[in-house]
Each structure stands twice: as structure tokens, then as C-alpha cells.
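Within every chain, numbering begins at 1; the chains are lettered A, B, ... in the order of the sequence lines, protein sequences first and strands thereafter.
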Amino acid sequence: MANTPVRVRFAPSPTGYLHVGGARTALYNYLFAKHHGGEFILRVEDTDQARSTEESMRMQIADLQWLGLNWDEGPDPLTLKDFGPYGPYRQSQRLAIYKEHAERLIQSGKAYYCFMTDEELEQQRQQAMRDGVNIQIQSPYRDQSLAESLSRLQNGEKASVRFKAPASRDFLLKDLVRGDVTFPSDMVGDFVILRSSGMPVYNFCCAVDDALMKITHVFRAEEHLSNTLRQMMLYEAFGYIMPEFGHLSIILGPDRQKLSKRHGATSCHDYAQNGYLPEALNNFVALLGWSSPEGAEILSMEDMIRQFSHDRLNASPAVFDEQKLLWVNSTHLRALDGVELWRRIEPFVSAAGLELPKDQNWRLQALEAFRPKLTALKDAVELMRPLVEGLVPITEEAQEALNWPSTRMVVEAWKNAVEGMAGDYLDEAQFMNLQNEIQNTSGVKGKHLFMPIRVAVIGKPQGTELKMLVPLLHKKTLLARAQAVLDQIKG
RNA sequence: GUCCCCUUCGUCUAGGGGCCUAGGACAUCUCCCUUUCACGGAGAAGACACGAGUUCAAAUCUCGUAGGGGACGCCA
């Protein structure tokens with residue numbers, strides 16, 4: 001046991017983008033694997049043909065890649081071709097394996113063909129509801145001879161395959177997160193393992209695959225807790241070794257209901273688009289149900305791998321707090337070095353069509369001016385917008401400053417001073433001198449001095465320090481904007 | 001309805017019989033820094049769901065109650 005290499009998997013069903021809950025599940029599995037020097041496997045659970053699409057699979061793979069949760073076995077992110085010794089890793093391509101396993105169960109009398117109609121099933125459910133008892137399907141075909149079933153099949157009748165649930169015995173699950181969980185013997189009835197279409201169902205595939213892929217530990221969402229009983233029965237029937245399970249609590253929205261689309265952004269893709277860093281999303285989501293033994297709140301992937309252990313996993317549900325995510329994001333963002341930060345911001349800035357100088361020094365300087373204000377990459381767009389060449393709109397909030405009697409004089413003095421400067425850009429020292437000069441000659445000081453100048457520079461009375469802003473703007477732009485403000489005061 | 005799981009500041013959490021006058025983080029508020037807005041720094045306020053029991057001692061163990069969540073599919 002001690003020598004068994006750790007093998008864990010993340011097994012999403014490809015129906016849309018990766019949800020943040022899925023991201024957390026994937027992350028925990030990944031961290032567990034890396035912490036123990038084990039393997040992290042990606043398996044695609046696409047047996048629901050109605051909902052699974054290849055497009056979704058690509059999206060999920062892209063999201064996982066974005067998060068940096070790279071798998072050691074599974075579909076190749078680019079070609080989608082499987083790599084690893086236990087493939088295929090897409091359940092839709094493992095049908096022969098499931099069929100063979102189902103056959104094994106049928107032959108040994110542990111499963112049987114069931115010819116019940118949807119109406120019959122529904123009737124039983126209704127009846128059970130009315131009687132206030134646990135819903136269990138009682139199939140009349142449980143004891144039908146295999147020969148008879150086969151002949152009906154021969155005649156073209158359709159049948160599902162049901163597993164004969166062993167009754168009258170409790171199952172004990174030693175859950176890695178919840179401790180001992182006892183499932184009563186009659187919790188489930190005979191359940192379907194093969195649909196009448198021949199397609200296997202989740203619980204069956206999952207058990208077979210985890211066994212065949214030599215999975216040692218499974219961390220998955222709480223909604224699978226009761227599925228575990230079915231899977232335990234299957235493991236027993238096959239004589240396979242069961243992995244250890246840990247059931248994670250679900251993530252809630254602010255209204256304490258299960259996090260869903262109506263709560264706003266819930267997919268990793270949304271967060272990527274809104275300028276969140278993958279390291280921040282990983283960090284935040286990790287803290288929703290796990291805590292660092294060192295009490296750290298800001299953690300890198302390396303930190304998490306080093307510190308991760310399943311016994312610090314929390315069994316109670318957690319509310320997704322957008323505010324804290326934003327804080328985690330801004331903290332990671334500000335810690336990035338200039339070159340890297342610009343690399344991340346670039347796509348947002350160019351998507352917005354901002355034409356900014358290409359000069360590397362200019363860009364790094366601009367970044368430093370705005371760094372303390374960044375909470376998400378997307379913010380850079382509005383922050384940088386005043387740095388384009390030419391005029392910018394003068395905002396509503398600027399009006400108060402424009403109405404001050406001294407403003408006109410200040411802006412005129414500012415414009416004249418800039419005009420008198422040599423060179424295309426002012427540096428910080430030049431600006432400071434110039435500013436002192438205006439103060440001395442005009443006698444205006446404090447906000448009556450600074451706000452009008454700021455409006456003349458960026459069109460807004462508030463924002464980043466002028467001494468950082470002004471050196472980023474070309475003299476021509478400075479002059480044009482000052483003139484625009486003067487025009488507005490006149491008019 | 002039946003079964004399973006969960007319950008510490010508004011939120012994420014630490015804690016696992018005495019270190020608890022319950023610690024940290026986000027958010028909130030106050031002050032400092034700052035000639036603006038932020039960043040940063042200091043501080044304030046704020047929780048053991050309820051009721052029994054076990055014990056010299058309970059946030060911590062047990063049982064009930066309430067509330068929340070999940071499962072009960074030929075979904076995953």
C-alpha cells in the first residue's frame with residue numbers, strides 16, 4: 001500500500017465550459033497527485049450522447065490548460081489523441097470494454113436483462129413516493145432465465161441491463177473527507193448499467209475505468225456520494241480493488257443555493273475573459289474547502305503542491321465570494337514583474353483597440369503608474385485609455401473643477417509652460433519644476449492647482465499621480481488636451 | 001416522501017476536551033501616509049444554530065431539534 005504509486009483522475013463530462021466547481025475538483029486531484037509524486041489523469045465521460053460534444057471537450061481541455069493543470073495521461077490538448085498506457089481515455093471509445101464487463105456480470109448471474117417500459121418504471125416511482133418509502137425499482141425480469149431473455153432479444157425486443165443489488169447488508173465507506181459513512185442495504189434497487197441502446201451509464205463506466213486505470217484516490221463532488229454505494233457494489237462483483245474516495249462539499253452562490261449560471265460568471269472561461277489570472281483562480285478556489293497548514297492566504301501553485309493534504313479538506317459547503325476572489329486576483333497581479341504583467345495585459349489592450357506606444361521602456365513605466373490600481377487585467381484598458389495620442393473625453397466629474405474661477409488661469413499657465421519645454425516628453429523632474437513655477441506665479445495651490453491640471457491631462461479630476469502620468473504623454477497630446485479644456489471653459 | 005451529508009464573525013476559515021477573554025483573511029468602519037483616487041500601515045466592530053446529556057472542565061464528545069444541501073434517472 002505504501003508503495004502503490006498515487007494515481008488520480010479528473011473526469012469531466014463535456015457539456016459546456018469548465019465550471020469553477022469542476023476546476024476546484026480538478027485542482028485538488030492535481031495537487032494531491034503532485035504532492036505525492038503521482039500521476040494525474042484526464043478522462044472524458046461522454047457516454048451521454050445527447051449532451052456531450054467534441055466542441056465542449058475542446059473547451060474543457062482549453063480551460064484546464066489555462067489553469068495549468070496538466071495531465072500525465074489522457075487526450076492530447078492539441079491533437080486530442082490519447083497518450084498514456086491505460087487508454088483510451090474517452091469513455092465513448094471504451095464501449096467494447098464496458099460491454100465485455102457487462103457480459104461477465106450477466107453470465108455470472110450478477111446482472112440481467114430488463115424489459116420494463118418507461119411507463120412501468122414511472123408507475124413504480126409514483127407508488128413508492130405515495131407509500132413514503134425509498135424508491136427502488138423492482139424488476140419482474142430479475143429472475144427471468146438468461147435463455148428466455150436472449151430469445152426475446154433475438155425477436156428484436158429492446159432491454160436494458162440491470163445490476164442485481166445485493167440486499168440486506170450495510171456498506172461502510174471510509175471517506176477521506178467525511179469519515180465513516182454508512183449506506184443502508186436498501187438504499188438502492190437494481191440499477192441500470194447498460195441502456196437499451198447499449199450505451200453504458202456513468203456509475204458503471206466510472207467503476208470499471210477507475211479499476212482498470214489503477215486509480216488509487218478519487219476526490220469528487222458531494223453529489224456523487226450516494227453513487228459510491230453503487231460503485232462499491234460493482235467493485236465487489238468484479239473483485240476489483242476500490243480506490244479511496246473523498247467527497248468534496250459543493251460550492252454555493254451568495255444565496256446559499258448551488259452555484260449556477262444565474263449567479264453570474266461561473267465558468268473558468270468567463271473569469272479568463274474578465275481578466276482574472278489562472279494562478280488567482282486556482283488560489284481562491286483552493287481555499288473554498290481547504291486551508292493552508294501555514295495559514296497562508298496567497299499561495300502559488302508550488303506552495304499548494306507542497307502544503308496540500310486531504311485531511312485539511314473541509315466537509316461543509318462554501319459560498320463563492322466574488323470580493324475575495326478579486327482581492328486574491330489583484331494581489332497576484334501586483335506581484336507579477338513588469339514584462340510578464342504586460343504580456344498578460346497586451347491581449348486585453350489590443351482587443352480594445354488601444355494604440356499605445358510600442359517602446360518597451362514606455363510600457364513598463366506606464367505599468368508602474370497603474371499597478372496599484374489593477375484588480376483584473378481588464379482594468380488596464382480603462383486605465384490606459386488616457387494614454388493614447390490625441391484628445392480624450394472630459395468627464396462629468398471634471399465639471400466642478402472647471403467651474404473654479406482660478407482654473408482657466410491655471411490651465412493656461414500649464415499650456416504655456418508645456419509649450420515652452422524642449423523635447424517631445426517631459427520627465428518627472430521637469431514636470432515638478434514646472435508645477436512649482438505655476439504655483440508660484442499663479443498663487444493657486446492644493447486641489448485648485450492639481451485638479452485642473454489633471455483634467456487638462458486625462459480629462460478626469462482623479463486618478464494616478466500627475467508626475468507619473470505626464471511623462472507618459474507626448475507634448476503634442478498634452479497641448480491639444482489643454483486647449484480642449486480651455487475651449488470648454490470658454491463655451 | 002425516503003436515505004445520506006453539512007452547521008464557528010456578512011463571507012472563506014483556524015480550532016479536534018483545559019492553551020479560547022475563540023485566532024487569521026476578504027468585506028465594512030476609523031485613523032495614519034498621501035496636495036486627488038488608489039497602494040501601504042495601524043486600529044475597531046463582528047461568530048461557536050438551538051436544546052439536552054457526558055465531564056471537575058465542551059466550540060470541541062453523544063443524542064435530539066431546527067435550518068441548509070445532495071441523492072433517489074436508460075444524466076454525470
Side-chain angles (χ1 to χ4, degrees), chain A residues 11-15 45-48 50-52 91 114 116-118 121-122 125 128-137 158-162 173 175 177-179 181-184 186-189 191-203 205-206 220-230 247 249-250 252 254 256-258 284 287-293 295-298 312 314-328 330-331 334 370-375 383 397 401 435 439 445-451 453-454 460-466:
Chain A
S13 53
T15 55
E45 309 220 324
D46 55 352
T47 54
D48 183 354
R51 296 197 307 151
S52 302
Q91 292 186 330
C114 175
M116 288 177 81
T117 63
D118 289 348
L121 291 170
E122 191 49 36
R125 265 181 218 117
M129 240 8 165
R130 255 173 286 151
D131 297 347
V133 295
N134 191 17
I135 300 165
Q136 268 189 58
I137 298 302
K158 291 277 179 217
S160 61
V161 175
R162 282 184 187 276
L173 171 68
D175 193 277
V177 178
R178 284 153 211 278
V181 179
T182 308
F183 299 111
D186 61 348
M187 195 165 145
V188 296
F191 54 93
V192 171
I193 56 175
L194 245 44
R195 300 172 167 100
S196 47
S197 66
M199 245 342 200
V201 304
Y202 167 75
N203 280 299
C205 299
C206 186
R220 49 157 42 158
E222 186 191 345
E223 64 228 53
H224 292 293
L225 186 54
S226 49
N227 283 323
T228 311
L229 173 59
R230 293 184 171 81
H247 288 92
S249 55
I250 48 168
L252 270 25
R256 299 211 137 258
Q257 300 294 306
K258 192 174 178 178
F284 171 71
L287 261 18
L288 251 30
W290 176 80
S291 57
S292 153
E297 299 276 342
I298 297 298
R312 294 189 72 84
N314 207 133
S316 51
V319 174
F320 192 93
D321 182 4
E322 206 82 34
Q323 289 275 20
K324 185 153 182 178
L325 170 58
L326 212 49
W327 172 76
V328 172
S330 60
T331 308
R334 292 188 198 118
F370 296 118
R371 188 188 283 272
K373 295 187 103 75
L374 282 176
T375 54
L383 255 16
E397 306 86 75
Q435 176 183 268
Q439 177 170 334
K445 57 183 179 176
K447 70 174 183 178
H448 289 265
L449 175 67
F450 290 89
M451 285 199 175
I453 296 179
R454 183 174 283 105
K460 291 183 284 194
Q462 287 172 339
T464 307
E465 282 184 274
L466 280 169

Nearest-Å distance, CG (A/Leu383) to P (B/C39)? 12 Å
For a quick check, tell me whether the side chain of A/Ser197 and the base of B/C74 share a donor-acceptor pair closer than 3.5 Å. no
Rounded to the nearest 0.5 Å, what separation is found between the OG atom of A/Ser330 and the CG atom of A/Leu325? 9.5 Å
Looking at the angle O4'-C1'-N9-C4 for a purine or O4'-C1'-N1-C2 for a pyrimidine, is B/C31 syn or anti, with syn meaning within 90° of 0? anti
Across all strands, who's sitting opposite B/C31 as a Watson-Crick or G-U wobble pair, both distances under 3.5 Å? B/G41
Taking atom P in both B/A49 and B/C9, compute the distance separating them and give it to the nearest angstrom. 7 Å
Can you tell me the Watson-Crick or wobble partner of B/A71, both distances under 3.5 angstrom? B/U2
Does A/Glu297 get its side chain close enough to the base of B/G24, under 3.5 Å, for a donor-acceptor pair? yes
Using atom C1' in both nucleotides, what's the gap between B/U7 and B/U65 to the nearest angstrom? 13 Å
At under 4.0 Å, does any side-chain N or O of A/Ser291 touch on OP1 or OP2 of B/A14? yes
Measure from CH2 on A/Trp327 to P on B/C26 and round the result to the nearest Å. 5 Å
Report yes if at least one side-chain N or O of A/Arg312 is closer than 4.0 Å to OP1 or OP2 of B/G15; otherwise report no. yes
By nearest nucleotide on RNA chain B, pick out whichever of A/Pro461 and A/Leu252 is the more 5' one. A/Pro461
Is A/Thr47 near enough to B/A76 that one of its side-chain N or O atoms lies under 4.0 angstrom from OP1 or OP2? yes
Can you see if the side chain of A/Arg178 gets near the phosphate of B/G69 - specifically, an N or O under 4.0 Å from OP1 or OP2? no
When rounded to the nearest Å, what value does the distance between P atoms of B/U13 and B/G18 take? 23 Å
Across every strand shown, the nucleotide meeting Watson-Crick or G-U wobble geometry with B/C19 (both distances under 3.5 Å) is none
For B/U2, take OP1 and OP2 only and decide whether either is under 4.0 Å from a side-chain N or O of A/Arg125. no
If only side-chain N and O atoms of A/Arg256 are considered, is one of them under 4.0 Å from the OP1 or OP2 phosphate oxygen of B/C12? yes
Can you measure A/Phe191 atom CZ to B/A76 atom P for me and round it to whole angstrom units? 13 Å
With a cut-off of less than 4.0 Å, is there a side-chain N or O of A/Arg371 near OP1 or OP2 of B/A38? no
Distance below 4.0 Å between A/Gln323 side-chain N/O and B/U11 OP1 or OP2: no
Going by purine N1 to pyrimidine N3 plus the second Watson-Crick contact, or the G-U wobble pair, all under 3.5 Å, which nucleotide sits opposite B/U65? B/A49
Working to the nearest 0.5 angstrom, can you tell me the gap between A/Asp46 CG and A/Met199 CE? 7.0 Å
Start at the 5' end of RNA chain B and walk down; is the nucleotide closest to A/Asn227 or to A/Val181 reached first? A/Val181
Please measure how far the P atom in B/A27 lies from the corresponding atom in B/C39, and state the result in whole Å. 8 Å
Could you identify the nucleotide paired to B/A25, looking across every strand shown and requiring Watson-Crick or G-U wobble geometry with both distances under 3.5 Å? B/U11
